[in-house]
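Each remark here refers to the structure printed beneath this line.
A, B, ... follow the sequence lines: proteins, then strands. Residue 1 opens every chain.
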Amino acid sequence: MAVRNNQRIIIHLDYDCFYASVFEVEQPALKSLPLAVQQKQIVVTCNYTARRQGLHKLQLISDAKRICPDVVIVLGEDLTKFRDASKYLFLFVRSFIWGARVEKLGFDELFLDVTEMIEYNVGLLNAHDLATSFFHLDRKDPTVGFAYDATTFQGSTQPAGGKLGNLHKPNSQTTLLPSSITTENGAASNVLEFLDAHEIQKIPGIGSRLAQKLRAQVVGPDTVDEKVTVRDVRQYPGMGPALLEKALGGPGSAKGIGMRIWNILHGVDNTDVLEGRDVPTQISIEDSYTRLETLESVRRELVILSRSLIRRMRTDLLEKNDGNAAHGRWIAHPRTLRLSTRPRPPPGSETARVYSANRISRSVPLPLFIFNLDENLDALAERLVRDSLLSMFRKLHPEKSGWNLSLLNIAVINMVESAGDQKQSSGRDIGKMFRQQETVLQDWTVREPSPHRSTGMALEDNPEMGDSLWEEGEEDDLGLSVVDCVVCGASIPHFAQLAHAMYHAADSEYENG
DNA sequence: GAGTGCTAG
DNA sequence: CGTTCTAGCACTC
């Protein structure tokens, strides 16, 4: 839960080891076994049972098997089920967040702007009976919500000494008490203290490239592997927005980056939470290869990718009318087709190349026949390759052969939503989803005749949620977080926690407990 | 609009 | 060390 903006209250949700959790939900027996999800020769993620035995993300499959011979390995190259789960969770969460300010980041993270919900609930707190408070999820129906104790923080507090003590429960949350945000008499704030100890690249918004440049600035260009903390950067002589702009700016970098990073290093991020879209702004599909040498093999792979891409377009861009995909209406039209390849880096290239570089691409207007629903997938895919992709490929790689490609990617981009469509739409199985949501919401509804306070069922007591996708947090998942929050069965009470924190901040007597 | 680069998980 | 399969935005031309 992070304050990304002075006026707004933002919750940051993170579904941990997402791919592995999706498999565990399908097969609960997997939970107690070491489970790794494989893409190519890599463990892309693994569950906590596996992590306890020494496995980790981005590990070679061969290493994983050596370290943990009993590891259960499942293939995760087909992202369909992960995409579906991600979409389901996004729509589910958004359905009860007032104002729909829910921003998606990748498959497994969400930012929620809960300002209005918190302010409403803080306004309803009873100062004389905080222990039996009730958090409202619905302005219209006062019985929808959950009971909570507004005299305690959930989990750890920083500085320690909050009423509950230091327990890292539930789910490894830590609360940076709100008083710590404002510094008095020049004393170092808790937020700075918290950030200062961390490596720069752990800070959201500072990726490999910026971290590299910052390290070069602070410890010199040739000792780039040295660990550099936020403190090292902030306390570097002459450091400030201007120096950062000089160190990080240049061709291709965003304007004002110096000020933006300076703010981030102080725990300030003023970017708004964007409304999540119902239609993606691009759809892409790719595969990587150890050898792709003949034009015929390239052609074959392009057909396979095209088939997936058109199938994705039909799932994500077609209006759903009771499963009859053949007669849907396009809710958005991508205008552009892009083909990207990645030539394999020369064998001797030793420099720690930043991954995802080296891609080259060509784009053309997307041919309209691709929207034809009467023609079958295979025929459309063949036609797309023959009419568009092969000539694009020849422009990318004019040489007859010897390309040594490690990757092919095709994408439809430049999405234009159909007029009069707007929100609503998207998502497969929406009907099913909201039926499930109803079931869940029922468990949050107080059933006693006298609705307010007392005996509402808290989320922790809800076995359905306890069994959900949402998993325990990891300590290395660092956020600019006031509460390092993961989505889990107990996540909703975190709203309550924040309401509590704000209540005390307003009274400026939070420390007595 | 086309293409590149950087961010994120 | 990099190794996957995405997705979005900023920038240049």
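- Note on ring orientation: taking the six-membered ring where Trp is involved, the planes of His397(A) and Phe393(A) are tilted (angle from 30° to 60°).
- Between the CG atom of Asp84(A) and the C1' atom of dT6(C) there is a distance of 15 Å, rounded to whole Å.
- Val273(A) has its side chain out of reach of Leu112(A): every pair of non-hydrogen atoms, C-beta onward, lies at least 4.5 Å apart.
- Residue contacts shown for Asn414(A) are limited to sugar-phosphate atoms, with no base heavy atom under 4.0 Å away.
- Backbone-only engagement by Arg362(A) is indicated by non-hydrogen atom pairs under 4.0 Å involving sugar-phosphate atoms exclusively.
- When side chains are defined from C-beta on, Ile97(A) does not count as touching Arg94(A), because their heavy atoms never get closer than 4.5 Å.
- Every residue two or more places apart in sequence or in another chain was checked for a side-chain hydrogen bond (donor to acceptor under 3.5 Å, both in side chains) with Ser388(A), and none qualifies.
- Here the C1' atom of nucleotide dA8(B) and the CD1 atom of Ile264(A) are 12 Å apart, to the nearest Å.
- In the set dC5(C), dA8(B), dT6(C), the nucleotide with an atom closest to the side chain of Lys40(A) is dC5(C).
- Separating the CD atom of Gln201(A) from the P atom of dG9(B) is a distance of 10 Å, rounded to the nearest angstrom.
- Residue Phe18(A) comes nearest to Ala85(A) through the heavy atom pair CZ-CB, 3.9 Å, listed as atom of the first residue, atom of the second, then distance.
- Base engagement by Leu58(A) is indicated by at least one non-hydrogen atom pair under 4.0 Å involving a base atom.
- Leu110(A) has its CG atom 14 Å from the P atom of dG8(C), to the nearest Å.
- Contacts of residues 387-395 of chain A with DNA chain C (heavy atom under 4.0 Å): none.
- Residue-level contact check: Arg260(A) touches neither bases nor backbone, having no heavy atom under 4.0 Å from any strand.
- For the pair Glu286(A)/Arg359(A), a side-chain contact is recorded, criterion being any heavy-atom separation below 4.5 Å from C-beta on.
- Between His56(A) and Arg338(A), it is His56(A) whose nearest contact on DNA chain C lies nearer the 5' terminus.
- Listed pair Arg312(A) / dA7(C) meets the phosphate criterion, a side-chain N or O lying under 4.0 Å from OP1 or OP2.
- To the nearest 0.5 Å, atom OG of residue Ser288(A) and atom CG of residue Leu405(A) are 12.0 Å apart.
- The phosphate of dA7(C) (OP1 or OP2) has no side-chain N or O of Thr281(A) nearer than 4.0 angstrom.
- Rounded to an integer number of Å, the gap from CG of Leu408(A) to C1' of dC5(C) is 14 Å.
- Distance from the side chain of Pro280(A) is smallest to dG8(C) among dG8(C), dC6(B), dT4(C).
- Nearest to the side-chain atoms of Asp108(A) among the listed nucleotides dT4(C), dG2(C), dG9(B) stands dG9(B).
- The interatomic distance linking Ile257(A) (CD1) with dA10(C) (C1') rounds to 10 Å, in whole Å.
- Between dT6(C), dT4(C), dT7(B), one nucleotide has an atom nearer to the side chain of Glu286(A) than all others, and that is dT6(C).
- Following rounding to the nearest Å, Asp316(A) (CG) and dG8(C) (P) show an atom-to-atom distance of 10 Å.
- Side-chain proximity of Ser361(A) to dG8(C), dT4(B), dT6(C): nearest is dT4(B).
- Side-chain nitrogen and oxygen atoms of Arg209(A) include none within less than 4.0 Å of the OP1 or OP2 phosphate oxygen of dG5(B).
- Nearest to the side chain of Leu105(A), among dC5(C), dA8(B), dG8(C), sits dA8(B).
- In this structure, Gln41(A) reaches neither bases nor backbone, as no heavy-atom distance under 4.0 Å exists between it and the strands shown.
- The nucleotide whose nearest atom lies closest to any side-chain atom of Leu210(A) is, among dT7(B), dT4(C), dC5(C), dT7(B).
- Closest contact between the side chain of Thr336(A) and the listed nucleotides dT6(C), dA2(B), dA7(C) involves dA2(B).
- The interatomic distance linking Asn409(A) (CG) with dG5(B) (C1') rounds to 15 Å, in whole Å.
- Leu317(A) pairs with exactly one of Arg329(A), His333(A), Arg312(A), Met415(A) by the side chain to side chain contact (heavy atoms under 4.5 Å, CB included) rule, that one being Met415(A).
- Comparing dT6(C), dT7(B), dC5(C) by their closest approach to the side chain of Asp287(A) singles out dC5(C).
- Taking only side-chain atoms of Gln282(A), from C-beta outward, the nucleotide of dT6(C), dT3(C), dG8(C) with the closest atom is dG8(C).
- Within the 3.5 Å criterion, the main-chain N or O of Val37(A) finds no donor-acceptor partner in the side chain of Thr45(A).
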